[in-house]
Every structure is written in structure tokens, then in C-alpha cells.
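Below: one structure, written as C-alpha cells.
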Amino acid sequence: MTYTPETIEPKWQQRWAERRTNEPDLDRAEKPFYNLMMFPYPSAEGLHVGNFYAFTGSDVFGRFMRMQGHTVFEPIGFDAFGIHSENFALKVGTHPNVLIPQNIKNFTRQLTQLGGMFDWKHVLSTTDPAYYKWTQWLFLQLYHAGKAYKKKAAVNWCPSCKTVLANEQVINGACERCGSQVEQRALEQWFFKITDYAQRLLDNLDDKSKMDWSATTTTAQRNWVGRSSGAEVDFAAGGETIRVYTTRPDTIFGATFMVLAPEHPLVAKLTTPAQQSAVAAYQQAAAAKDVVARKVETKDKTGVFTGGYATNPATGQPIPVWIADYVLMDYGTGAIMAVPAHDERDFAFATKFHLPILRVVASGDETASTPITEPSAETDGSRLVNSGAFDGKPVTDGAAAIVAWLEAKHVAKGVIKYRLYDWCISRQRYWGPPIPIIYCDACGPVPVPEKDLPVLLPHIEDFRPDDSGISPLARHKEWYHVACPTCGKQGRRETDVSDTFLDSAWYFYRYLGTEFADRALDANRVKKWLPVPMYIGGNEHAVLHLLYSRFIAMVLQERGLVHFDEPFRKFRAHGLIVKDGAKMSKSKGNVVNPDEYVARWGADTLRLFLMFLGPFEEGGDFRDAGLTGPRRFLERLWDLVGQCERRTLSGDEIHRDVMIKWNATKKKVTHDLETLGYNTAIAALMELLNTMRETNCSERQIVKDMVLMVAPFAPHFAEECWERLGGQTSVFDAKWPAWNEGLTQDAVVEIVVQVNGKTRSVIKAGRGSQESQVLPKAQKDDTVRRFLDGKEIVKVIFVKDRLINIVVR
RNA sequence: GCGAACGUGGCGAAACUGGCAGACGCGCAGGACUUAGGAUCCUGUCCCUCACGGGGUGCGGGUUCGACUCCCGCCGUUCGCACCA
């Protein structure tokens with residue numbers, strides 16, 4: 001009988017569905033384990049091999065946990081709203097209402113073929129009114145918590161996608177989706193106050209009891225929140241006060257000029273008549289440049305003198321006030337004190353415009369008068385100079401002393417700042433959940449009552465956005481005209497929809513209660529299953545999605561809806577699958593579609609191959625040639641199952657080497673699966689198979705264990721083998737093999753014998769032998785003797801069960 | 001520019017807290033079985049050397065009886081962030 005995945009795989013997929021193998025009882029599970037993977041965006045191209053890789057890696061873990069005796073809930077769904085889908089719909093000229101169901105159907109087919117342990121009973125799509133009803137409800141939760149507000153804001157506008165982008169969606173000044181240069185526009189937008197949680201979002205990252213995340217991810221989050229501590233200092237300028245933020249208050253004596261952002265409100269007041277036209281021209285030029293150009297275009301400094309002066313509160317000296325676009329209005333206070341001696345940008349500016357540069361920090365043999373040739377921001381081991389009473393103080397102490405001194409004079413206070421911005425969730429687009437707000441001339445903005453949810457997204461044909469900057473929904477009076485829920489007068493619906501990231505910030509709650517039409521999340525199930533013990537997904541979401549989900553959990557906790565503030569106890573990012581060293585992308589035409597590989601090799605072989613490619617958290621290069629190895633392995637194991645002994649041999653009948661290998665493999669595979677070391681787990685299974693073949697062993701118990709251990713990787717294959725071996729239930733309801741610790745190592749070990757650190761021989765000795773037993777044996781070894789001959793033994797290093805190193809002279 | 005990760009055969013990669021470098025797999029070479037082989041099985045496969053032996057984990061140094069592993073300095077690749085005061 002030969003191995004035929006093309007018949008075996010559909011057979012088991014059908015059985016799993018019929019027998020509801022993968023649909024745990026969410027209310028009665030005793031050892032619940034929520035195995036979460038990031039749900040896909042159902043693109044028209046279908047699942048690519050990178051998705052396949054990610055889902056397989058997560059599925060292997062889920063299946064392993066199940067065999068360990070947990071009741072595993074492994075849901076899947078579709079993140080189907082958003083610009084991505086909408087843009088594709090626009091491109092092909094088909095309505096997303098038509099397109100998305102087709103894509104979901106295709107994805108469902110592919111996900112089924114992959115053999116994932118998905119609970120299809122709880123599948124969801126964010127575009128389903130039964131889902132987004134609760135996304136709207138979530139918006140209202142934030143609204144009632146005072147965490148949602150509206151403001152007119154300069155926003156990133158993508159002229160090609162015709163929508164507002166979050167700062168996070170602007171990459172180097174370009175739209176992350178289409179690559180167009182982003183412009184600045186002022187629009188009324190809904191924001192979530194994520195900044196209220198900045199410190200908590202940081203603190204929890206260090207709380208091991210709440211979060212076990214890989215360091216790269218936590219670092220990315222930490223950088224994103226961007227905490228800095230410094231001081232706000234007031235500089236008097238005429239009758240006005242210019243407030244600056246600085247992280248280096250210790251250098252204030254070196255502040256020889258000030259720079260304001262061109263948009264700074266005080267610019268007009270400070271500008272002297274003589275400078276007016278120059279300043280106005282500069283402001284205009286800066287406004288014309290979009291946010292991005294200012295940030296990216298060039299690091300060459302430009303600027304204009306306002307003609308005004310401010311007083312340095314430390315020195316009492318007047319210093320000129322300039323404007324320049326390297327100072328950004330939206331960070332700090334939009335104004336800086338410039339310390340050219342110790343800041344690279346200020347130095348460049350001062351050099352270009354011939355402004356004074358005064359050293360206030362010296363290190364090593366530098367003195368107060370050592371000229372500055374390049375700016376230095378060194379603090380360690382440096383001391384203050386040219387700083388009045390603070391001269392000679394180490395910089396670190398000096399900072400605190402200077403802040404205290406300025407605070408006493410009421411011109412400064414220590415502050416903590418974060419780079420994190422509030423989350424703009426408004427989108428002037430069609431393909432998203434309408435934001436559930438009604439504007440009433442009499443009552444102002446009124447939240448849609450919960451009983452009126454969902455606010456259905458109407459089917460409109462003209463969903464194309466235009467340059468007006470308003471949502472396509474704003475062209476449909478029949479939809480947005482609605483009675484005010486409070487006073488009954490004619491009101492107007494909010495015509496913006498919400499950001500896709502809001503859909504995905506809470507989907508893992510909804511999985512647990514898709515069958516409930518009357519509540520977003522079910523309290524008992526939330527209590528039982530959450531927080532998520534293992535979340536696996538892509539690093540591209542290391543910042544945004546994960547940060548937003550964390551924020552939402554914090555708000556839900558405060559609302560008393562959940563019992564935790566960190567939704568993902570453990571997060572692991574899988575690596576990236578590349579093709580010929582390059583990232584797969586449509587434009588490069590190197591996207592690998594898994595379908596043809598499933599058809600040719602079977603899903604199990606593809607799964608095994610992908611997991612064997614390299615460390616799961618590092619990804620790898622997809623090469624067709626590699627599939628033969630895993631396929632051969634399955635075929636050989638298949639044959640072994642066929643040749644398997646009828647009876648179970650007693651321990652004594654099994655070859656000692658096989659016995660050891662068998663137990664050692666069980667231990668290693670178990671450990672490797674726990675730590676996502678899939679590639680080495682597979683290698684260990686291959687080794688065991690090789691040992692079996694070399695020793696002509698087909699012992700039933702061992703073969704059974706091999707089938708069990710390969711099951712997470714090759715589920716259909718394992719089910720079929722298990723059935724051939726007489727298994728009555730699903731192999732995934734069988735118990736994960738246990739091992740005998742005493743038999744994982746041989747009683748006789750090989751000990752390396754070195755002379756002066758070079759390996760000369762290997763001798764056998766009983767496990768646990770002492771140096772006194774091993775040394776004489778080593779000295780008797782022929783080869784070793786040659787190297788010891790006529791030499792004096794200076795020292796012997798003995799590492800138990802491993803090595804003996806004889807140092808001679 | 002800043003931050004992080006990484007650098008091991010022809011290729012993907014192993015190597016637990018410093019202890020036989022190259023497990024496992026691909027590929028390649030030779031052989032067996034075959035009308036045939038792009039199927040299967042067996043053997044070999046880091047480099048130099050007939051051998052004894054020597055060299056070898058990006059490059060240069062250091063610590064150590066012993067370094068892929070730790071430390072210092074370069075070079076290179078990848079990924080984040082990027083005028084954040």
C-alpha cells in the first residue's frame with residue numbers, strides 16, 4: 001500500500017468536519033487553551049505560502065497542546081474590512097460586497113486543505129453585521145469611558161487612496177499601502193486617547209506575570225511609545241513666554257538661540273517689521289511642503305530670523321529667536337532652546353547661520369575654552385563648564401541641580417513626554433463599520449443607542465472616494481438623514497467609518513461568543529479562556545495591532561468587562577518566508593501559491609517542509625527542491641507502519657540503542673515543541689526513523705509513538721496511520737507519549753580525551769565515572785600515550801561524562 | 001545617523017548553561033536493482049595530506065586547559081526607527 005495524500009487528506013478533513021473534532025465545548029472545557037493566530041485579510045490572490053507557514057506553525061502548537069490533554073480552541077476568521085480590500089475592489093471594478101464573500105470562500109477552501117485544527121463553528125468576518133455591530137458597540141464603550149473624542153487635526157492625507165492615514169501608516173512620508181507621498185490636511189477626526197495609557201503600556205512590558213513576549217517585540221513597542229524625561233523651560237520674550245521642552249536641561253547655559261516651528265502661534269508676535277516679509281515667505285514655503293517632505297526630503301537646515309529676542313533664564317542674556325522647519329509643531333512644545341555645542345542639528349543650524357556656539361560640557365582633558373569642532377552629547381564622565389555656579393558638576397547631577405534651581409525661579413518643571421499620539425480612527429472611506437454617532441443641531445453629537453446597532457453599512461454603487469475629503473457615505477442623504485435619538489429632530493449620521501485596526505483589536509473576544517446575538521463577549525467564557533496564553537503572528541504587527549489590542553483591553557478592564565489588562569500572555573512572532581532571498585510581493589511576481597504544492601505533494605508534506613526549513617521564529621527561503629526530504633520521511637514512516645510488529649515486544653527484546661533513542665527522542669521532541677523548535681523536532685524524528693531502519697526494528701509501541709509525535713506536523717497522515725494501527729479515536733485525542741527518563745541516556749558514555757586542548761581519542765566509561773577512574777583509562781589509550789610520552793602532566797581538567805583534558809609540558 | 005538581530009560546507013541548517021563543529025535534510029559523486037529512472041536501496045561527501053597529522057565557524061586581537069559560544073575593534077547582511085529637542 002502506498003502513501004496517497006490526495007485521498008487521505010480530503011478523507012480526514014471530511015471526518016473532522018462531520019465528527020466536529022475541532023469544536024470544543026467552550027462552556028465546559030476543563031483545561032482550556034486558547035491557541036490564537038493572527039487572522040488573515042482575505043485577499044483576492046488567496047492564501048500565500050507565508051500565511052500557510054504562519055498558520056501551520058501555530059496549528060502545530062495547538063495540536064501539540066491538545067495531545068498534552070488541553071481542550072484547545074483554535075479559531076480562524078477574516079479581517080475583511082479596510083483600505084486594502086476597498087482599493088482592490090476599485091481596481092477591478094467589482095463591489096467589495098461581491099468580492100469579499102468570494103475571497104472568503106477561496107480562503108476557507110485553502111485553510112481547510114491546510115489541515116488546520118480550526119473551529120469552523122466560531123468563524124467570523126469583520127464585515128459581517130453580526131460582527132461589526134459589536135465593533136460599533138466597542139466604539140461606544142470608549143466614547144462612554146471618555147476615551148473617544150473629536151478634534152480638527154492636521155492629518156496625513158494620502159492623495160491616491162484619498163483617505164486619512166494614522167501616523168503609523170505613513171512610512172518615510174509615503175502611504176504604506178500605495179507608496180504615494182502623503183500630504184497634510186486639516187479634518188475633523190475621531191481619536192482614541194491611547195496616550196492616557198502610555199506609561200501603563202510601558203510598565204506592563206516589564207511585568208513578567210502578565211507578558212512573556214520576545215524582546216524584539218517589546219523593544220519595538222517601547223520605542224513606539226517613546227518615553228523621554230526632561231524639563232519644560234519658559235523663556236521670556238518681550239511680553240510673551242516661549243515654553244520649550246528639553247531632555248538636556250543641564251545644557252541650558254549653552255542655549256545661544258531659540259528655534260520655533262514655523263506654525264508656532266507666537267511667531268507673529270515676535271517677528272519685527274523688518275523681518276516680516278522673510279518670515280511670511282518662509283512660513284508659506286513650509287506649509288506648502290507636506291509633513292513628510294519636511295521630515296524626509298533633506299536634513300539640510302533652513303530657517304529665518306524673526307528679529308525677536310528671548311532671555312535665557314539661566315544666563316539672563318538675550319538670544320535671537322529663529323524659525324525653522326526642523327522643529328516640529330507636534331512634538332514637545334513646538335519650540336526648542338538650541339544648544340549648538342551639544343546637539344547635532346543645532347550645530348548644523350548655528351554653523352550655517354553663523355550663530356554663537358558655547359561649550360557647556362567638557363570631558364577628558366577638554367576645558368571651558370576648548371573649541372567645538374563637532375557637537376557632542378556625551379554625558380558619562382563629563383562635567384559642566386561655562387555654567388555659572390554649576391561649573392565642575394558631573395553632567396548627571398548637574399541636570400537635576402539646574403532643574404531644581406530653575407523650578408525655584410518658577411521658570412521650569414520636570415516633565416515626562418511620550419512620542420505616542422492619540423489613535424485617529426476616522427476613515428473617509430466606504431469599506432468599514434460606520435461610526436455610530438448622530439449629529440443633532442440641538443443635542444450635538446449623540447451616540448447611537450445600543451438597541452439601534454448595528455448601523456448598517458448601506459450598499460452603494462459609488463463607493464469611490466473623491467478629493468472632497470469626505471466619505472462616500474456623505475453623498476447619500478437617504479442614509480445619513482436620521483432622527484436624533486434624543487430629541488427626535490432631524491439629525492445627520494457620522495459618515496466616516498472606523499479604522500480596520502479597531503476591527504482587529506477585539507476579534508479574539510468575539511470568537512468566544514459568535515453564537516450570541518445579544519452580547520459582544522460572554523463573561524463566563526472570557527473568564528475561562530482569556531487572556532490568550534499563546535498568540536502567534538507576524539512581526540509586521542509588532543507595534544500597531546498589538547498596541548491597540550492592549551489599549552482596548554485596558555479600557556475594557558476599566559469598564560469591568562474583562563478581568564485583565566494584557567490580552568496576550570505570550571506572543572511569538574514567526575519569521576518571514578522569502579523566495580530567492582527576496583520578500584514575496586505581487587510586483588516582483590515571486591509570490592508562491594500553496595495550492596500547486598498541496599496538489600503535487602500534499603498538505604502534510606508542505607507543512608512538514610515549511611516547519612523543517614529553519615527556526616520558526618526566523619523564517620526561511622522557499623525552495624521547491626526541499627520538499628523531497630520531508631516527503632521521503634513520510635513515505636518511510638508509512639512503510640514502517642505497514643511492517644509494524646503485531647505484538648508489543650517486551651523491553652528486553654528491544655535493542656538497547658533503539659530503546660535509548662526512542663526515549664531520548666520523545667524527550668527532545670516534547671521540549672522542542674514547547675519552545676517552537678520545530679525544525680530540530682523534525683530532525684529528531686528523522687533520526688529515530690533512521691535508527692529504526694538501521695536496526696531493522698518495527699516495534700509496535702515505538703511506531704505508535706512516532707505517529708503520535710509526527711501528528712502535529714502531518715495531521716492527516718497521522719490520523720490515517722493511527723487508524724491503520726487500530727486506533728479507535730482521533731489521534732489528537734490520544735495521549736502524547738511519555739518517556740522513561742532513566743532510559744534517555746546510555747549507561748555508557750563516550751568521553752573525549754584531549755591533550756593540551758586537542759582531541760586525541762574517545763574512550764568509553766560508565767556514566768558518572770570519576771576522574772580517578774577515567775584518567776588511568778585515558779593514559780592507557782594508544783594514541784593518547786603517544787602524545788603524553790616523555791611529557792610532564794601539569795594539570796588535568798575533567799568534565800564528568802564529557803571530557804578529560806590532560807595538560808602537559 | 002540611532003536601535004536591534006545576525007554572519008557556520010555547494011545549499012537550508014544543528015551544536016543544552018564555554019567541552020568531539022557540521023546532527024537532520026537537500027544537492028552532488030559512486031554503486032545495486034532495473035528495458036529505463038527524475039522511483040527505490042546502499043556507500044561517500046568541510047579543506048590540505050598516500051599516511052601520521054595539520055587547518056577550519058566573516059576579518060583582527062583578547063580571556064581560558066579549552067571559544068561557533070564570552071570580551072574589545074573592524075567588515076558585511078537583514079529588520080525596525082528616523083530632524084522626537
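Every chain is numbered from 1, with letters handed out A, B, ... down the list of sequences.
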Nearest nucleotide by nearest heavy atom, which residue falls closer to the 5' end of RNA chain B, A/Glu635 or A/Phe787?
A/Glu635

Show the distances under 3.5 angstrom between N or O atoms of the protein and N or O atoms of nucleotides 20-25 of chain B.
| residue | atom | partner | partner atom | Å |
| --- | --- | --- | --- | --- |
| B/C20 | N4 | A/Glu750 | OE1 | 3.0 |
| B/A23 | O2' | A/Glu687 | OE2 | 3.0 |
| B/G25 | OP1 | A/Asn690 | ND2 | 3.2 |

Just say parallel, tilted or perpendicular for the rings of A/Tyr3 and A/Phe717, cut-offs at 30° and 60°.
perpendicular

Is A/Arg760 salt-bridged to A/Asp782, cutoff N-O under 4.0 Å?
no

Euclidean distance for C1', B/U57 against B/G7 (whole angstrom)
9 Å

Could you tell me how far B/A67 sits from B/G56 if I compare only their C1' atoms? Round to whole Å.
14 Å

Could you work out the separation of B/A15 and B/C20 based on their C1' atoms and round it to a whole Å?
11 Å

Which of these nucleotides, B/A85, B/A14, B/C65, is closest to any side-chain atom of A/Pro615?
B/A14

Work out how far the P atom of B/C52 is from that of B/C6, and round it to whole angstrom.
39 Å

Expressed as a whole number of angstroms, how long is the span from A/His541:NE2 to B/G80:C1'?
15 Å

If we call it a pair only when both distances are under 3.5 Å in a Watson-Crick or G-U wobble match, what pairs with B/C20?
none

I need the CE-P distance between A/Met329 and B/A85, as an integer number of Å.
16 Å

Please tell me if A/Arg419 has a side-chain N or O lying less than 4.0 Å from either OP1 or OP2 of B/A82.
yes

Distance, P atom - from B/G44 to B/C26, rounded to whole angstrom:
15 Å

Could you check which nucleotide pairs with B/C33 in any of the strands shown, counting Watson-Crick or G-U wobble with both distances under 3.5 Å?
none

Measuring to OP1 and OP2 of B/A85, would you say a side-chain N or O of A/Tyr331 lies under 4.0 angstrom away?
yes

Distance, rounded to the nearest Å, where A/Arg786 contributes CZ and B/G54 contributes P
9 Å

Donor-acceptor pair present, A/Lys417 side chain and B/C84 base, under 3.5 Å
no

For atom CG of A/Asn696 and atom P of B/C42, their distance in whole Å
10 Å

To the nearest Å, give me how far apart CG (A/Asp782) and C1' (B/G53) are.
17 Å

Taking only the P atom of each, what is the distance from B/A85 to B/C68 in whole angstrom?
42 Å

Could you tell me whether the side chain of A/Tyr282 and the main chain of A/Asp325 form a donor-acceptor pair under 3.5 Å?
yes

What distance do A/Glu263 atom CD and A/Gln283 atom CD have between them, rounded to the nearest 0.5 Å?
8.0 Å

Length of the line joining A/Phe622:CZ and B/C26:P, which is rounded to integer Å:
16 Å

Using atom P in both nucleotides, what's the gap between B/C48 and B/G10 to the nearest angstrom?
11 Å

Go ahead and name the base partner of B/A4; Watson-Crick or wobble counts if both distances stay under 3.5 Å, otherwise write none.
B/U78

Need the pair for B/C28. Rule: Watson-Crick or G-U wobble, both distances under 3.5 Å, any strand; none if unpaired.
B/G44

Report the nucleotide, chosen from B/C83, B/C52, B/G19, that has the shortest atom-to-atom distance to any side-chain atom of A/Asn805.
B/G19

So what's B/C70 paired with, Watson-Crick or G-U wobble, going by both distances under 3.5 Å?
B/G62

Donor-acceptor pair, A/Arg607 side chain versus A/Pro712 backbone, under 3.5 Å?
yes

Give a yes/no verdict on a cation-pi contact between A/Arg345 and A/Tyr326, requiring under 6.0 Å between NZ or CZ and the six-membered ring centre and an angle within 45° of the axis.
no

Nearest whole Å is fine: how far is B/U78 P from A/Asp621 CG?
14 Å

For nucleotides B/G27 and B/A21, find the distance between their P atoms and express it as a whole number of Å.
28 Å

Would you classify B/G58 as syn or anti? Syn applies when the glycosidic angle is within 90° of 0.
anti

Mind telling me whether A/Phe353 and A/Trp322 have parallel, tilted or perpendicular rings, with 30° and 60° as the class edges?
tilted

Mind checking if A/Asp343 touches a base, just sugar-phosphate, or nothing, with heavy atoms under 4.0 Å?
nothing

Below the 4.0 Å mark, does B/G55 have OP1 or OP2 next to a side-chain nitrogen or oxygen of A/Lys758?
yes

What is the distance from NZ of A/Lys795 to C1' of B/G66, rounded to the nearest Å?
10 Å

Hey, is the side chain of A/Arg693 poking within less than 4.0 Å of OP1 or OP2 on B/C41, counting only N and O atoms?
yes

Looking at A/Arg222 and A/Asp206, is there a salt bridge between them, counting it only when a charged N and a carboxylate O are closer than 4.0 Å?
yes

Can A/Thr680 and A/Asp672 be counted as having a side-chain donor-acceptor contact under 3.5 angstrom?
yes

Please classify the nucleic acid contact of A/Ile797 as base, sugar-phosphate, or nothing, using heavy-atom distances under 4.0 Å.
base

With sugar-phosphate meaning primed atoms plus P, OP1 and OP2, does A/Arg631 contact a base, only sugar-phosphate, or nothing at under 4.0 Å between heavy atoms?
nothing

Mark yes or no for whether A/Tyr53, through its side chain, and A/Phe616, through its backbone, hold a donor-acceptor pair below 3.5 Å.
yes

